[in-house]
Protein chains: 2
Amino acid sequence: MTFEKHTSAQFTAELEQARKHLMQMGGLVEQQLEMAFNALQNVDTKVAEQTITLDKEVNEMEVKIDEECTQILARRNPAASDLRFIIAVTRAVTDLERIGDEASKIAKQALEIADAGNGPQSFVELRHIGEKVRQMVQQALDSFARLDTDQALSVLQQDKAVDLEYGTAIRTLVTKMMEDPRMISHALNVMWALRSLERIGDHARNIGESVIYLVKGKDVRHKKLANIEAQLGK
Amino acid sequence: MTFEKHTSAQFTAELEQARKHLMQMGGLVEQQLEMAFNALQNVDTKVAEQTITLDKEVNEMEVKIDEECTQILARRNPAASDLRFIIAVTRAVTDLERIGDEASKIAKQALEIADAGNGPQSFVELRHIGEKVRQMVQQALDSFARLDTDQALSVLQQDKAVDLEYGTAIRTLVTKMMEDPRMISHALNVMWALRSLERIGDHARNIGESVIYLVKGKDVRHKKLANIEAQLGK
């Protein structure tokens, strides 16, 4: 990615720095998400605790990057794509922080499952959606790094599929609870984790939308997928 | 509220406009929240549908106000408290949009309760938390309009109480489900609505944090309540 031509090399360096930090934060959140998922699948309380601890670092990065962006706005008066870059970074940082929050919530469900004395139980739906959502986050970050609107669009498309799968998974769990009320507590833990995964998918989509805004200058939030595809000439 | 002294009266007018639109959006979201709550309490499908329809308007306001803020950043190079104002408005707009989303989700739970053929059932917890959360949103918006950090801090304090009550309400519902499995489906609908209310409380708190940032220039996100109180000299 090249920024606008600046008379000040320092300005370009500051933008580069913001991008670098965003990507570092993204890496941290991806790691947190993987840990949360492992904690849940293996009912591993140690990894769950670590996931929750890591959230502090993610939160600190949010505040740091926002402060960097504010400084750039105050001192450099960015215009055109530089301004869109700052706005897109600020939005992506918010979404990454929320993904971190949801990862922590998933880890907390792992702790509750362990507390209840339940071991790892196979929930096909959880594994499937979890895998998809992790890929979406990775691809969203990748599309930001490479300014790839095709990949960003693909994240939006995947989110629609995840929402449908989420609905099916929840209905399956409700049926299981009704068939065997002893399952209620465990099924609820899995449901909350599923809900967090679904939210993470939403945030990955938001990051994809920020990439489209950055590259195309078009705000596609709340637009229908078909309209966005048309706007991108797909 | 007075903005920084500007050589351009037009600049001041643009900032005023952004504030006016933020408050309009806030009013719309408050209305949406009240409707969602009525829809749920009375299992009123008509009001539920209207709540969901209203979300479109809220979403449009988000995009409009963000665009106004971007234009101000691009043309006016705001500094000091003007820049903090733009950042605070942008953040508050995101939170208001999410509150609107959660209000829609609550309305959807009302529709599901109606679909299942269930009538209004008294859930004390829901009414209580719902009332509190609505007050928090109102006070958060009020603190923004009046730049009142005491009131903003009060919203932060209330959020802590709501989180505790939420935990208790969820545990009560789980117990009810276990005692009477025929209640599972209905209790789940109430749980999802409670979850949305708890999230709305979080967003009201975020708005309170934005007000503190705007007035004091301090980013208090992720800080412990006691530290924030100390920072504000309480």
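Letters go in sequence order (proteins before strands), and every chain restarts at 1.
Here the CG atom belonging to A:Asp219 is positioned 14.0 Å from the NZ atom belonging to B:Lys64, to the nearest 0.5 angstrom. Separating the CG atom in B:Leu83 from the CG atom in A:Leu73 is a distance of 5.5 Å, to the nearest 0.5 Å. We find the CD1-CG distance between B:Ile170 and A:Leu188 to be 8.5 Å, quoted to the nearest 0.5 Å.
Of the two parts of A:Glu97, only the side chain, counted from C-beta on, holds a non-hydrogen atom closer than 4.5 Å to a non-hydrogen atom of chain B. With a 4.5 Å cut-off on non-hydrogen atoms, B:Arg84 does not touch chain A at all. Of the atoms belonging to A:Asp66, it is side-chain heavy atoms, and not backbone ones, that fall under 4.5 Å from chain B. Contacts of B:Arg199 with chain A are made by side-chain atoms alone, with heavy-atom separations under 4.5 Å and no backbone atom involved. Both the backbone and the side chain of A:Ala74 come within less than 4.5 Å of a heavy atom of chain B. Residue contact with chain B, scored on non-hydrogen atoms closer than 4.5 Å, involves the side chain of A:Arg98 exclusively. Residue contact with chain B, scored on non-hydrogen atoms closer than 4.5 Å, involves the side chain of A:Arg91 exclusively. Heavy atoms of A:Asp202 lying under 4.5 Å from chain B are absent altogether. Heavy atoms closer than 4.5 Å to chain B are found nowhere in A:Thr90, neither backbone nor side chain.
Under the ring pair (Phe, Tyr, Trp, His ring centres under 6.0 Å) criterion, B:Tyr213 pairs with no residue, sequence neighbours left out.
Between B:Ile184 and A:Met177, the shortest heavy-atom contact is CD1-O, 3.6 Å.
The contact list for residues 190-197 of chain B toward chain A, using heavy atoms and a distance under 4.5 Å, reads B:Met191, B:Trp192, B:Arg195, B:Ser196 by residue number.
Checked options A:His222, A:Arg221, A:Lys223; the residue passing with B:Asn59 is A:His222 (criterion: side chain to side chain contact (heavy atoms under 4.5 Å, CB included)).
Counting heavy-atom pairs closer than 4.5 Å to chain A, the top-ranked of the candidates B:Asp55, B:Ile86, B:Asn77, B:Ile87 is B:Asn77.
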